[in-house]
2 protein chains.
Amino acid sequence: MLTNAKLVHQPHDHERCISAALSRAKALCAEQNVRLTTTRELVLRLLWQSHQPLGAYQLQDQLAEHINKPVAPPTVYRALEFLLRLGLIHRIPSLNAYIGCPFPNNEHSNLFMICNQCGTAAEVADKAVNKLLQCVSDRSHFTLQSQSLELFGLCPQCSNITEAPGYD
Amino acid sequence: MLTNAKLVHQPHDHERCISAALSRAKALCAEQNVRLTTTRELVLRLLWQSHQPLGAYQLQDQLAEHINKPVAPPTVYRALEFLLRLGLIHRIPSLNAYIGCPFPNNEHSNLFMICNQCGTAAEVADKAVNKLLQCVSDRSHFTLQSQSLELFGLCPQCSNITEAPGYD
DNA sequence: GCATAAGGTGTTATAATATAACAATAATTG
DNA sequence: CAATTATTGTTATATTATAACACCTTATGC
Ligand SMILES: [Zn+2]
Ligand SMILES: [Zn+2]
Ligand SMILES: [Zn+2]
Ligand SMILES: [Zn+2]
């Protein structure tokens with residue numbers, strides 16, 4: 001099982017997350033011979049600011065603040081489209097939000113564990129999950145092409161807080 | 001494995017799907033002591049017209065046509081909210097669309113197989129899937145509360161058409 | 001039955017998310 | 001440097017969803 005859950009759910013050196021993501025992005029763009037322009041890189045950086053998915057209009061605001069001039073929606077959506085196409089980010093449909101992918105160009109599950117409390121989203125790539133879903137598809141003669149899997153609940157930290165006994 | 005895939009992907013007596021859905025709905029409403037008003041029932045019927053998810057504004061149009069007077073979005077969304085709360089329908093986030101649930105008040109997976117070609121969506125409830133996802137969550141100490149699982153691809157019919165050899 | 005409360009609907013306005021279309025600019029290629 | 005291609009800016013608009021408040025209907029207690 002490949003996952004960034006440990007990182008997401010614990011204090012960690014997040015600068016490493018960011019720089020790793022950026023160097024992966026640069027490598028991938030070089031490999032694919034496409035351009036990681038300033039805007040695209042900035043949007044990617046913004047998405048990697050935290051492990052919480054961001055909406056397009058949150059990105060718009062933050063982008064505008066960063067470059068100190070107004071930004072129109074298409075600017076954001078184009079950058080998102082580019083990053084999605086390269087697999088550098090994912091869209092989380094039920095949140096209408098976007099998040100950096102911790103392990104792009106791996107075959108992976110598009111499986112997210114999303115905390116209803118703090119909003120963090122950890123990604124999991126699990127062969128057993130993929131295999132089982134493939135199997136479910138096969139049984140119905142369904143030709144599986146892609147998937148979007150979202151688990152909602154409480155991350156370890158928020159679980160602890162919620163479950164806390166209370167001395168009353 | 002509980003699924004309506006066979007029905008969805010083959011010609012079948014769809015009237016039975018509809019009437020079964022409606023009687024389930026009536027029973028559930030009676031049991032819960034809530035009212036299946038005309039609008040709510042109509043929306044449910046419209047969602048059961050086919051095995052393809054419908055968007056709220058498609059429903060709006062069809063509803064307006066049926067009752068022969070204009071309908072405002074809140075009317076539709078209120079009916080949808082009611083039906084969702086009872087578990088009689090599901091929302092498919094990546095399509096912004098809604099579909100009738102073939103086996104409500106069962107513990108189930110919220111797992112859909114959605115055809116990219118013809119738009120049909122079959123639902124699957126599979127204990128093995130649920131168990132595995134629970135297990136994945138446990139491993140990360142994530143408290144699983146709900147899930148949304150969407151598989152995209154080609155239904156059996158559309159697979160055959162696509163894969164057809166071609167005599168050229 | 002009638003008053004009351006609760007639940008449901010109508011209506012208007014608006015929020016939030018996403019895309020279309022076309023002009024302008026920048027980067028790449030030969 | 002001209003020609004082509006990729007990228008960005010700009011304006012307008014489509015699509016999905018909700019807020020707020022007035023009005024009506026149904027159930028409930030007396
Ligand atoms: Zn991090
Ligand atoms: Zn949390
Ligand atoms: Zn049917
Ligand atoms: Zn199909």
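All heavy atoms count here, side chains included; hydrogens, waters and symmetry mates do not. Just so it is clear, the structure is predicted and the values come from calculations on it, not from any experiment. Proteins get letters first, then strands, A, B, ... in listed order; numbering begins at 1 in each.
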Quick one: [X] [atom1] to [N] [atom2], roughly how many Å, whole number?
| X | N | atom1 | atom2 | result |
| --- | --- | --- | --- | --- |
| B:Gln32 | D:dA27 | CD | C1' | 18 Å |
| A:Arg85 | D:dT7 | CZ | P | 8 Å |
| B:Leu63 | C:dT9 | CG | P | 11 Å |
| B:Leu36 | D:dA27 | CG | P | 13 Å |
| A:Gln60 | D:dT8 | CD | P | 16 Å |
| A:Leu54 | C:dA16 | CG | P | 16 Å |
| A:Glu81 | C:dT19 | CD | P | 8 Å |
| A:Arg35 | C:dA26 | CZ | P | 12 Å |

B:Phe152: ring-ring contact (aromatic ring centres under 6.0 Å, His included) partners, not counting sequence neighbours: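 By the ring-ring contact (aromatic ring centres under 6.0 Å, His included) rule, B:Phe152 matches no residue at all.
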Residues, nucleotides or ligands: over 12 heavy atoms within 6.0 Å of A:Glu65 CD: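 No, not enclosed.
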Between A:Ser94 and B:Ser148, a side-chain donor and acceptor under 3.5 Å: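 No donor-acceptor contact under 3.5 Å links the two side chains.
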Side chain proximity check, B:Arg45 to B:His66, heavy atoms < 4.5 angstrom: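 The answer is no; the side chains never approach within 4.5 Å.
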Exam field: side chain A:Gln147 to backbone B:Leu149, donor-acceptor pair closer than 3.5 Å: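 Answer holds: no.
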B:Thr39 side chain near C:dG8 phosphate (N/O to OP1/OP2, under 4.0 Å):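 No.
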Letter per nucleotide, 5' to 3', of nucleotides 10-19 of chain D [B base touched, S only sugar-phosphate touched, - untouched; heavy atoms, 4.0 Å]: BB----BBBB
Closest non-hydrogen atom pair, B:Ile114 against A:Phe142: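 Reported closest heavy-atom pair: O-CZ, 3.3 Å.
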